[in-house]
Amino acid sequence: MPNSEFVKSHPCDTIKHVTEKGLKKKDLIHSFKEYYVHFLGRDDESHSVHYAYEALGMTIRDRLMERWNETHRTYKQAKTKRAFYLSMEYLMGRSLSNAMINLGINDAATRAMNELGIEIEEIIQGELDAGLGNGGLGRLAACFMDSCATLQLPVIGYGLRYEYGMFTQTIVNGHQQEKPDHWLRLRNVWELKRLEYAHHVKFGGYTAVQTDEHGEEHFVWLDANEVLAIPYDTPIPGFQNNTVNTLRLWKSVATEEFNLNEFNSGDYVHAVAKKNSAENITMVLYPNDSSENGKELRLRQQYFLVSASLQDVISHWVGLYGEDFSQFADKNCFQLNDTHPSLAVAELMRLLLDNHHLSWDDAWAITSSSMAYTNHTLLPEALEKWSVTLFKELLPRLMDIVFEINARFLSQVAAHWPGDYNKLRTMSVIEEGEEPQVRMAYLAIVGSFSVNGVAELHSQLLQREMFADFYAIWPEKFNNKTNGVTPRRWLLGANPELASLITETIGSDWIHDLTLLKSLIPYAEDKEFRKRWRSIKQSAKQRLADYKQQQHGVTINVDAIFDVQVKRIHEYKRQLLKVLHVIHLYIRIKAGDKDIAPRCVLIAGKAAPGYQIAKNIIKLINNVATVINNDPDIQGQLSLLFLPDYRVSAMEQICPGADLSEQISTAGKEASGTGNMKMMMNGAVTVGTYDGANIEILKEVGEDNFFLFGLTEEQVNQTKAHYNPVSIIENDDDLTQVMNLLESGHFNQLEPSLFDALITSLKNSNDPWVTIADFRSYIDIQAQVDIAYLDPVRWIKMSIMNVACSGKFSSDRSINQYNEDIWQLEHLPVLSKT
Ligand code: 26W
């Protein structure tokens, strides 16, 4: 229930009639000065960019406020269906520039700052990233929020307000070092604390049956520890359309009751420690993006998100409809971003059964027709499981509910496959064994009406392999929703020069409808247009080079191919294959080969702190870089750079300057990829395997404009049966030379055997990523890349074609498909008051 202190009647009717804040230069200057002088207490003497950022941030935020309230009002009045995106991660990056673009006041703000003698770009670059996510899944959630607001859909994002986001990465002597990212140390001008919508979340205790005054029995959850969930709302502006949606992030705080009881019991120290443990829940984002380690705190985080969010939705419901839940599933839909929030299935059941006294069948009908689950990975080690013991101890009532859901589900399985006891075992939500486990993906599938993968191939593999038995029972649940990225941030915002050329050529409607980029195709044949395109690409490369020069003191040849691989460091993404290629080029250049196009290879990405192999890959990249970059024979022809601390704002700098986008995962392992889409949208050509969304990129852009190589998913599986990397190495001279150089210790002269484990893994016949198997075709396709690049007319045509064919990869298309097939929400325009 809403906090009673805050639900008094409206204090003053005139509040409804405040005047709107103007969007003109003079209005912005006025507000800026007010904040700078009266609120922040600074004057001409203060030259801190940071305070200018805060003043401009608050100025812009004020402009979002009325639109935000108007959006709330519009949704409330329409009593329309809403969707809720439940995600443990949101990689929002920076907000200021995006808010200005979406409000349509970029020019006015730039001129306003100019008049005050302030360089707006400096302010923009001073904003810290909100890095509340690991990688693809978190950034996808952020792009989806942007598209929902732009498409005027009533969607609320729910997540956690981590005090510390994704760690900051530094490189010390080539090794990754992690530093805590205390992104909230400065004022977060974008969030609004909403104490009136706080909720209590329970942990521990036990369940019992109690009889109410009508003689009816209900389950109750007793003797639990309660934690308070306080929401912080962030505005999500749509693109120039008055809609401002909400991202609601929960912070955990010890409850007052908790304090009183515990403190009064005399055990002060214990009480303080417990208070801490309550407040720890939202302290830090787990930095793992693939392997789950079953930590209790992570389970607490998941339940905290799910319980607070569902209570929030239900109290809103009860406010509108009382205890009548008959329409609930028609008016609410929950999209589960991977299995991380899949406790929602059990928690919605608990709330409906225990708090609102629905029957099991009614509660189940509602739950299983309002949940939808998105899977983001095929790696078995990323499938979440929780020990039944831990689950029971932390969430006793939910455990009972999961057992009951499973029992009813297994009777369906038995009916479908009579007598097949093995099916009961393999499909059970509870995995039997010495330490029984709850399989969260199975809970999510059983409890949802929709299950989707994030690219065509990935969705097919889910149906054919990972969830084949579930597909057999419920084929109608399964569907595909290929990922997308927002063109506002990734083209208009990141690459304003290219965006202007496009707008000048085909008009500005592409910003809403990215498929319109198709009309750029004929311009690939226009010499004048190509010249402008090339000069924009060159200046983006120059900017990137300057930035690297300034940050890392390295000089880059801007005529070289900017060859970019940026993503989390993981064996399946095969940064190692990239390194083998670089070593191969190094050998050839040393041997005097002159046919090689100059290249600058840029690699960036974070390794999970506990993932030793990935950390070792970073060290290898840095060691190889040191050797190559300091070799006078190589100068200008080849360089290798590892860019530390890859994050959203870094990608905004990188993708406009990319020529070649490396998407070289082992086929069948990358669910989709989204960096591939961002680079394509900025005119990079992809070198990629037949994997994830690469397949769809290839289909859109055509074989002539894509460098395809490597085994297909089927071939990978066939290869594994008789994989012999050692013999492949022996039979390939180039590969032999590369491996010999690597094994000779050339890149670790003072650090003997440092890379032994990596080398062994490459030569292991059980290498799941079959890196060596793809070496030859990778080297050969890269030679084709060189030929294409050395023909500038051909390369620029390819670049133009990639942008022209990137329309499918707008997250607006993804969201429209989620909406049409799953959510079925009305588009609700928010009318301007003026
Ligand atoms: C259990 C810990 C954990 C945390 C995060 C496991 C798995 C994850 C994510 C599923 C990892 C992730 O970000 N997956 C990526 O999702 C993107 C968006 O759909 C896809 O484009 C990427 O291919 C996929 O790797």
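Model, not experiment: these values are computed from the prediction. Computation of the quantities below employed the complete heavy-atom set of this structure, encompassing side-chain atoms and omitting hydrogens, waters and symmetry-equivalent molecules.
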- Task: List the steps, then state whether side chain to side chain donor-acceptor pair (under 3.5 Å) holds for Glu347 with Ser307.
- Result: CA-CA 6 Å; Glu347 176 67 358; Ser307 182; 2.8 Å; yes
- Got a donor-acceptor contact below 3.5 angstrom from the Arg67 side chain to the Leu64 backbone? no
- For the pair Phe334 and Tyr85, evaluate side chain to side chain contact (heavy atoms under 4.5 Å, CB included) and give the outcome as yes or no after the intermediate values. CA-CA 6 Å; Phe334 302 92; Tyr85 203 74; over 6 Å; no
- Heavy-atom donor-acceptor pair, Thr71 side chain to Val244 backbone, under 3.5 Å: yes
- Query: Please walk me through it: do Arg248 and Asp312 pass salt bridge (charged side-chain N to carboxylate O under 4.0 Å, His left out)?
  - Reply: CA-CA 10 Å; Arg248 176 162 286 186; Asp312 206 38; 2.8 Å; yes
- Query: Under a 4.5 Å cut-off applied to non-hydrogen side-chain atoms, are Leu192 and Met65 in contact?
  - Reply: yes
- With a 4.5 Å limit on heavy-atom distance, are the side chains of Leu128 and Leu186 in contact? yes
- Message: I need the Asn245 CG to Gln152 CD distance, nearest 0.5 Å.
- Response: 9.5 Å
- Message: I need the minimum non-hydrogen distance between Pro341 and Leu336, along with the two atoms involved.
- Response: O-CD2, 3.7 Å
- Task: Give, for atom CD1 of Ile124 and atom CD of Glu119, the distance between the pair rounded to the nearest 0.5 Å.
- Result: 9.5 Å
- Query: If you measure from the Lys or Arg side-chain nitrogens to the Asp or Glu carboxylate oxygens, is any gap between Glu191 and Lys251 under 4.0 Å?
  - Reply: no
- Message: Just verifying a value: how many Å separate Leu247 CG and Ile236 CD1, rounded to the nearest 0.5 Å?
- Response: 5.0 Å
- Side-chain heavy atoms of Leu137 within contact of His340, under 4.5 Å: yes
- Mark yes or no for whether His50, through its side chain, and Gly126, through its backbone, hold a donor-acceptor pair below 3.5 Å. no
- Query: Looking at CD1 of Ile603 and CD1 of Ile618, how far apart are the two atoms once the value is rounded to the nearest 0.5 Å?
  - Reply: 10.0 Å
- Asp812 side chain to Leu151 main-chain N or O, any donor-acceptor pair under 3.5 Å? no
- For Glu54 and Val189, indicate whether the former's side chain and the latter's backbone hold a donor-acceptor pair under 3.5 Å. no
- Residue pair Tyr611 / Arg568, side-chain heavy-atom distance below 4.5 Å: no
- pair Ile314-Gln311: side-chain heavy atoms closer than 4.5 Å: no
- Message: Arg194: which residues meet the salt bridge (Lys or Arg N to Asp or Glu O under 4.0 Å) condition with it, sequence neighbours left out?
- Response: Glu196, Asp233
- Heavy-atom distance under 4.5 Å between the side chains of Met88 and Leu305, does that happen here? yes
- Query: Are Asn337 and His376 close enough, and set up right, to give a side chain to side chain contact (heavy atoms under 4.5 Å, CB included), and what steps lead you there?
  - Reply: CA-CA 8 Å; Asn337 201 20; His376 295 266; 2.6 Å; yes
- Item | Donor-acceptor contact below 3.5 Å, side chain Glu89 vs main chain Asn134 | yes
- Item | Main-chain N/O of Leu23 paired with Arg63 side-chain donor or acceptor, under 3.5 Å | no
- Query: Side chains of Thr282 and Ser252: is there a donor and an acceptor less than 3.5 Å apart?
  - Reply: yes
- Could you give the distance from NE2 (His512) to CG (Asn241), rounded to the nearest 0.5 Å? 7.5 Å
- Item | Where Gly136 and Thr674 come nearest, the two heavy atoms and their spacing | CA-OG1, 4.4 Å
- Could you walk me through whether Arg73 and Glu66 pass the salt bridge (charged side-chain N to carboxylate O under 4.0 Å, His left out) check? CA-CA 10 Å; Arg73 257 193 295 279; Glu66 303 126 32; over 6 Å; no
- Message: Using side chain to side chain contact (heavy atoms under 4.5 Å, CB included), reason through Arg488 and Ser147 one step at a time and then give a plain yes or no.
- Response: CA-CA 9 Å; Arg488 270 74 61 186; Ser147 284; 3.7 Å; yes
- Note on the structure: In short, Ala224 meets Lys202 closest at the heavy-atom pair CB-CB, 3.8 Å
Validation: residues 32-42 side-chain donor-acceptor distances under 3.5 Å, sequence neighbours left out:
| unit_1 | atom_1 | unit_2 | atom_2 | d |
| --- | --- | --- | --- | --- |
| Glu34 | OE2 | His38 | ND1 | 3.3 |
| Tyr35 | OH | Asp62 | OD1 | 3.1 |
| Tyr35 | OH | Asp62 | OD2 | 2.7 |
| Tyr36 | OH | Ser46 | O | 3.1 |
| Tyr36 | OH | Ser46 | OG | 3.3 |
| Arg42 | NE | Leu40 | O | 3.0 |

- So does His72 have more than 12 non-hydrogen atoms from other groups sitting under 6.0 Å from NE2? yes
- Message: Nearest 0.5 Å, please: how far is CD in Glu163 from CG in Asn280?
- Response: 10.5 Å
- Which residue pairs pass the salt bridge (charged side-chain N to carboxylate O under 4.0 Å, His left out) test with at least one member in residues 91-105, sequence neighbours excluded? Arg94-Asp129
- Would you say the side chains of His200 and Glu226 form a donor-acceptor pair under 3.5 Å? yes
- Taking all non-hydrogen atoms of both residues, which atom of Leu310 and which atom of Ala344 are closest, and how far apart? CD1-O, 3.6 Å
- May I ask you to decide if Tyr51's main-chain N or O and Ser48's side chain share a donor-acceptor pair within less than 3.5 Å? yes
- Applying salt bridge (Lys or Arg N to Asp or Glu O under 4.0 Å), name anything that partners Glu115, two or more places apart in sequence or on another chain. Lys25
Side-chain donor-acceptor contacts of residues 164-172 below 3.5 Å, not counting sequence neighbours, with atom names and distances?
| unit_1 | atom_1 | unit_2 | atom_2 | d |
| --- | --- | --- | --- | --- |
| Gln169 | OE1 | Asp645 | N | 2.9 |
| Gln169 | NE2 | Gln176 | OE1 | 2.8 |
| Gln169 | NE2 | Gly605 | O | 3.0 |

- Query: Do Thr374 and Gln335 have a side chain donor and acceptor closer than 3.5 Å?
  - Reply: yes
- Query: Step by step, would you call Tyr197 with Ile230 a side chain to side chain contact (heavy atoms under 4.5 Å, CB included)?
  - Reply: CA-CA 7 Å; Tyr197 298 120; Ile230 298 183; over 6 Å; no
- Message: Under a 3.5 Å distance rule, please check whether Arg139 uses its side chain to pair with a backbone N or O of Leu91 as donor and acceptor.
- Response: yes
- Under 3.5 Å: donor-acceptor pair, side chain of Tyr90, backbone of Tyr158: yes
- Query: Does a sphere of radius 6.0 Å around OH in Tyr232 hold more than 12 heavy atoms from other residues, nucleotides or ligands, not counting ones at 6.0 Å or beyond?
  - Reply: yes
- Item | Heavy-atom closest pair, residues Val485 and Trp490 | CB-CD1, 3.8 Å
Side-chain donor-acceptor contacts of residues 95-107 below 3.5 Å, not counting sequence neighbours, with atom names and distances?
| unit_1 | atom_1 | unit_2 | atom_2 | d |
| --- | --- | --- | --- | --- |
| Asn102 | ND2 | Asp146 | OD2 | 3.4 |
| Asn102 | ND2 | Pro237 | O | 2.8 |

- Message: Please determine whether side chain to side chain donor-acceptor pair (under 3.5 Å) holds for the pair Gln125 and Gln653, giving the CA-CA distance in whole Å, both sets of side-chain angles, and the decisive distance to 0.1 Å.
- Response: CA-CA 10 Å; Gln125 299 300 333; Gln653 309 267 352; 3.1 Å; yes
- Are any non-hydrogen side-chain atoms of Tyr286 and Gln301 less than 4.5 angstrom apart? yes
- Query: Considering only heavy atoms from C-beta outward, does the side chain of Ile654 approach that of Val564 to under 4.5 Å?
  - Reply: yes
